[in-house]
Amino acid sequence: MESEALTYKEARLAVATKCTFCVDRIDEGLARGLAPGVDPEATPACVNACIAKAMTFGDLDDPESSVSKLLAGNQHFRMHEELGNGPGFFYIWDGAAGDPSGPLPPPLEGDRQRAALRGGQS
Ligand code: SF4
């Protein structure tokens with residue numbers, strides 16, 4: 001793939017790295033006038049590659065973006081939102097937005113860890 005060839009770096013082979021949100025891809029796409037989350041060449045590679053369409057990427061500041069519409073229409077949560085660092089990952093779970101009968105979201109990882117440290121009491 002041409003875009004993979006553009007970002008190939010020998011020094012990165014066999015080195016674990018964190019997710020960069022494909023910043024090089026996004027920046028290059030923006031420079032070409034493409035829309036992240038709409039145009040595949042300006043969208044993270046893993047979002048493009050997911051055949052189940054389990055991930056969506058886009059501009060939360062644009063109320064017409066696919067991510068804004070998904071969040072407006074579905075219940076969702078962010079991990080460790082209480083830390084105040086504004087995580088950009090939102091997890092959508094069953095139930096339309098505002099539907100109190102939907103299932104509860106899974107407990108946050110920190111809650112599970114605290115419960116385990118207290119011997120299973122949360
Ligand atoms: S492909 Fe996905 S996980 Fe990998 S750097 Fe890009 S956004 Fe992050």
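First listed ligand is number 1; within each ligand, the first listed atom is number 1.
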Taking side chain as C-beta onward, heavy atoms only, is Pro36 less than 4.5 Å from Asp59?
no
Ring-plane angle category for Phe77 and Tyr91, please: parallel below 30°, perpendicular beyond 60°, tilted otherwise.
parallel
Should Ile26 and Pro44 count as side-chain neighbours, where that means a heavy-atom distance under 4.5 Å?
yes
Flag atom 3 (S) of ligand 1 as yes if some protein heavy-atom distance to it falls below 4.0 Å, otherwise no.
yes
Within the distance-only criterion (no hydrogens, no angle test), does the side chain of Thr56 pair as donor or acceptor with the backbone N or O of Val67 below 3.5 angstrom?
no
Nearest non-hydrogen partners of Phe89 and Arg78, listed with the distance:
O-CG, 3.3 Å
May I ask you to list the protein N, O or S atoms found at less than 2.8 Å from atom 6 (Fe) of ligand 1?
Cys22 SG
Suppose the criterion is side-chain hydrogen bond (donor to acceptor under 3.5 Å, both in side chains): which pairs have a residue in residues 32-47, not counting sequence neighbours?
Arg32-Glu41
